[in-house]
Amino acid sequence: MTTYLLAHDLGTTGDKATLFDAEGRLVASAFAPYPTFYPRPDWAEQDPNAWWDAVCVSSRDLLDRIHGSRENLGAVSFSGMMNGCLLVDDHGEPLRPAIIHADIRSAAKCSALAAEVGVERAYQITGNRIAPYFTLAKLAWLVDHEPDTLNRARWCVQTKDYLVGRLTGIWGVTDYSDASLTGCLDMASGDWSPELIAAGRFPARLLPEIRPAATIVGTVTQDASEATGLPLGLPVVLGGGDGACATAGAGCVAPGDVYHYLGGTSWIGAVTDGYRPDPSHRASVFYALDGERCVLYATSQSSGSAVDWFRGALGVGESGEDFESLERKAERVPVGSNGLIFLPYLMGERSPIWDSDARAVFFGLSASHGQSEMARAVFEGVAYALGSNLGVLQDLRLAPDCIRVLGGGMRSPLWRSIFAAVYNRPLQLMERLSEATSAGAAMAGAVAIGLYPDYASAAPHFAPLGAIEQPDPESVAVYAHGARIFHALYAALKDLYVANRAPIA
């Protein structure tokens with residue numbers, strides 16, 4: 001009988017559960033949404049119980065639909081949002097809502113942390129800036145604003161770690177990839193940094209034990225089996241952060257492999273043989289799933305989420321059909337959006353500018369512009385932002401002639417054509433654009449239970465390649481001009497962003 005692998009990918013908008021067979025073939029998938037709450041400006045929180053409910057619903061959906069899957073399930077594994085902060089007690093009970101990656105309330109706290117540790121020193125230790133997107137700043141903010149909650153907490157866990165705990169009853173475990181994007185990990189030693197913990201002034205006990213992604217943490221308990229429909233005693237594999245899972249799911253398992261992930265938040269990553277940070281501090285670094293190789297990556301904070309915001313601003317719903325309707329509007333407009341340019345800094349920006357004060361702007365708006373021009377400008381603005389990050393890889397001599405691409409956003413023919421022209425490079429599409437992150441989590445499961453000896457052996461099965469998108473030469477010239485204006489706009493507005501920032505109580 002076929003052995004199945006169940007992978008849960010917990011993203012910003014919901015949980016995507018995907019069933020693979022031992023040969024890496026996609027059998028079926030299910031999606032269960034959950035909301036994000038924005039109770040105050042710059043805050044972004046989620047209810048971890050909603051994560052669990054989504055895992056229960058999506059697991060049952062898949063196992064009920066696919067005959068024999070429950071009886072022949074080999075393991076369940078996870079991918080999840082990174083950079084978060086969820087405080088739980090000894091029993092894994094959440095003590096407050098989870099602070100997710102998009103939350104930048106700790107921006108002011110970062111200045112104090114940077115002054116104490118030193119910008120250069122912090123980056124040398126972690127391969128990451130001190131920035132509000134990372135867990136270190138979130139914990140330091142909680143020290144100042146919610147000390148009682150922090151004192152009652154036993155663990156600070158990431159998204160996938162919480163679900164592993166709910167399934168097994170075992171808490172206080174994370175993997176190298178998630179640990180490396182907390183801002184607390186010493187990348188050279190592979191262990192938590194006492195220097196950064198001291199600067200954050202939070203208890204060291206909060207940080208969990210670090211293990212490789214292909215670790216069987218435990219097995220599904222009776223209570224978890226009844227809630228999810230998963231078999232009692234099923235191996236639960238730790239998995240990794242979504243960035244590391246996407247890397248493996250793109251088939252990028254060897255030094256020099258490069259890919260672009262286009263989702264709510266998007267990034268361009270290059271696999272390196274060991275720790276190789278950016279001397280100019282523009283890019284960040286995380287561990288790959290094997291806990292040995294690293295990924296140097298540059299992130300744009302608002303990508304698919306910028307399109308979602310624009311759809312919401314127009315009063316359009318969230319179904320795929322509505323996205324296609326917006327895409328059709330944008331297709332009516334010439335390349336370059338008739339001179340309209342959008343800066344997609346809705347929640348600040350990460351690479352390469354690292355400016356939490358930056359905000360979104362439509363530039364060049366006139367009475368002749370309408371929804372179609374604005375829609376296309378949003379698509380193009382996201383591509384300009386990612387083009388800046390490709391420039392970082394170029395400077396570091398890590399940019400390839402052809403870029404492997406994945407993520408739900410790459411299903412859009414319009415957006416693919418825009419990216420190919422902005423990058424002035426062909427795009428190598430994955431055969432399964434939307435399942436690569438889940439595939440990476442499934443690969444961790446496959447390695448953990450011995451179906452494959454390592455990720456390099458699993459990659460050809462779980463990461464099949466698709467078509468190639470070539471850049472249009474005429475569009476390349478238009479977008480080269482637009483990119484120059486895009487970058488000049490940020491430079492002109494940088495000081496005004498700070499002046500315009502609303503006071504935070």
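- Side-chain atoms of Asp257 never come within 3.5 Å of backbone atoms of Gly269 as a donor-acceptor pair (strictly under, hydrogens ignored).
- Atom CG of residue Asp495 and atom CG of residue Asn500 lie 12.5 Å apart, to the nearest 0.5 angstrom.
- Side-chain atoms of Tyr261 and Asp242 form no donor-acceptor pair, as typed in the model, at a separation below 3.5 Å.
- Looking at heavy atoms from C-beta onward, Ile210 lies in side-chain contact with Trp192 at the 4.5 angstrom threshold.
- Asp144 meets the salt bridge (charged side-chain N to carboxylate O under 4.0 Å, His left out) test with Lys109; sequence neighbours excluded.
- By the 4.5 Å heavy-atom criterion applied to side chains, Ser284 and Leu296 are not counted as neighbours.
- No hydrogens or angles considered: nothing links the side chains of His8 and Ser438 as a donor-acceptor pair under 3.5 Å.
- Here the shortest heavy-atom pairing between Ile170 and Val173 reads CG2-CG2, 4.3 Å.
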Exercise for review: May I have the step-by-step check of side chain to side chain contact (heavy atoms under 4.5 Å, CB included) for Thr299 and Tyr133, ending in yes or no?
Suggested key: CA-CA 11 Å; Thr299 301; Tyr133 307 102; over 6 Å; no
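- At distances below 3.5 Å, at least one donor-acceptor pair connects side-chain atoms of Thr265 with backbone N or O atoms of Gln301.
- Between the CG atom of Asn389 and the CZ atom of Arg350 there is a distance of 10.5 Å, given to the nearest 0.5 Å.
- Salt-bridge annotation for Arg359 and Asp42: present, with a side-chain N of the basic residue lying under 4.0 Å from a carboxylate O of the acidic one.
- Using cut-offs of 30° and 60° for the angle between ring planes, the Phe342 and Trp309 rings count as parallel.
- Between Phe286 and Tyr297, the ring center distance clears the sub-6.0 Å criterion.
- Rounding to the nearest 0.5 Å places CD of Glu349 at 7.0 Å from OG of Ser302.
- Among residues two or more places apart in sequence or in another chain, the salt bridge (charged side-chain N to carboxylate O under 4.0 Å, His left out) test is passed with Asp15 by none.
- For the 3.5 Å distance criterion, the side chains of Ser303 and Ser266 qualify, holding a donor opposite an acceptor.
- Across all non-hydrogen atoms, the minimal contact from Leu142 to Arg96 is CD2-NE, 3.8 Å.
- Contact annotation: the side chain of Leu230 approaches that of Leu63 to within less than 4.5 Å [non-hydrogen atoms, C-beta and beyond].
- Residues Ser79 and Asp9 have side chains that bring a donor and an acceptor to within less than 3.5 angstrom of each other.
- Side-chain rings of Trp52 and Tyr162 stay apart, their centers remaining 6.0 Å or farther from each other.
- For the pair Arg154 and Glu93, the salt-bridge criterion is not met [side-chain N within less than 4.0 Å of a carboxylate O].
- In this structure a side-chain-to-backbone donor-acceptor pair under 3.5 Å is present from Asp161 to Gln158.
- Between Ile268 and Leu386, the closest side-chain pair of non-hydrogen atoms falls below 4.5 Å.
- Taking every heavy atom of both residues into account, Val295 and Ala288 meet most closely at CG2-CB, 4.3 Å.
- Relative to the ring axis of Tyr176, Arg211 does not place its NZ or CZ within 45° and under 6.0 Å from the centre.
- The side-chain heavy atoms of Leu150 and Leu139, taken from C-beta on, include a pair separated by under 4.5 Å.
- Residues satisfying the ring pair (Phe, Tyr, Trp, His ring centres under 6.0 Å) test with His281, not counting sequence neighbours, are Tyr123.
- Asp454 places no side-chain N or O within 3.5 Å of a backbone atom of Val447 that could act as its donor or acceptor partner.
- Between the side chain of Arg282 and the backbone N or O of Ser280 there is no donor-acceptor pair closer than 3.5 Å.
- Put simply, NZ on Lys160 and CG on Leu10 are 11.0 Å apart, with the number rounded to the nearest 0.5 Å.
- Between Thr272 and Arg293 the shortest side-chain heavy-atom distance does not fall below 4.5 Å.
- The shortest side-chain heavy-atom distance between Asp47 and Pro97 does not fall under the 4.5 Å cut-off.
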Exercise for review: Would you sort out whether Arg311 and Asp322 count as a side chain to side chain contact (heavy atoms under 4.5 Å, CB included), showing the intermediate values?
Suggested key: CA-CA 8 Å; Arg311 285 193 296 163; Asp322 292 325; 4.2 Å; yes
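- Under 3.5 Å, the side chains of Gln46 and Trp51 contain a donor-acceptor pair of N or O atoms.
- A donor-acceptor pair is defined here as one N or O able to donate and one able to accept, closer than 3.5 Å; no such pair exists between the side chain of Arg129 and the backbone of Ala283.
- Looking only at distances, no side-chain donor or acceptor of Tyr34 sits under 3.5 Å from a matching main-chain atom of Ala50.
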Exercise for review: Check the pair Leu136, Phe202 against side chain to side chain contact (heavy atoms under 4.5 Å, CB included), reporting the backbone distance first and the verdict last.
Suggested key: CA-CA 9 Å; Leu136 169 65; Phe202 58 85; 3.7 Å; yes
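- Between Leu19 and Ser29, the closest side-chain pair of non-hydrogen atoms is not below 4.5 Å.
- For the residue pair Thr247/Tyr259, the side-chain donor-acceptor check at 3.5 Å is satisfied.
- For the atom pair Thr18 OG1 and Leu62 CG, the distance stands at 7.0 Å (nearest 0.5 Å).
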Practice item. Tell me, with the steps shown, if Arg105 and Glu45 meet salt bridge (Lys or Arg N to Asp or Glu O under 4.0 Å). Key: CA-CA 11 Å; Arg105 74 182 73 178; Glu45 298 183 339; 2.7 Å; yes
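- Using modelled atom types and a 3.5 Å distance limit, the side chains of Ser177 and Asp175 yield a donor-acceptor pair.
- Inspection of the Glu120 and Gln124 side chains reveals no N or O donor paired with an N or O acceptor under 3.5 Å.
- Across Tyr455 and Met443, no two heavy atoms sit closer than the pair O-CE, 3.7 Å.
- For the residue pair Ala137 and Leu113, the shortest heavy atom distance occurs at CA-CD1, 4.0 Å.
- The only member of Phe37, Tyr38, Trp141 that meets ring-ring contact (aromatic ring centres under 6.0 Å, His included) when paired with Trp43 is Trp141.
- Across every non-hydrogen atom of Ala399 and Leu390, the tightest pair is CB-CD1, 4.0 Å.
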Practice item. Given side chain to side chain contact (heavy atoms under 4.5 Å, CB included), test Leu234 with Thr219 step by step and report yes or no. Key: CA-CA 5 Å; Leu234 178 72; Thr219 59; 6.0 Å; no
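- Between the side chains of Ser388 and His487, at least one donor-acceptor pair of N or O atoms lies under 3.5 Å.
- Neither side chain, Thr135 nor Thr182, offers a donor N or O lying under 3.5 Å from an acceptor on the other.
- For the residue pair Thr174/Glu209, the side-chain donor-acceptor check at 3.5 Å is not satisfied.
- Separating the SG atom in Cys252 from the CG atom in Leu406 is a distance of 8.0 Å, to the nearest 0.5 Å.
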**Study point:** Trace of the salt bridge (Lys or Arg N to Asp or Glu O under 4.0 Å) decision for Asp357 with Lys494
**Key:** CA-CA 8 Å; Asp357 290 319; Lys494 182 178 179 179; over 6 Å; no
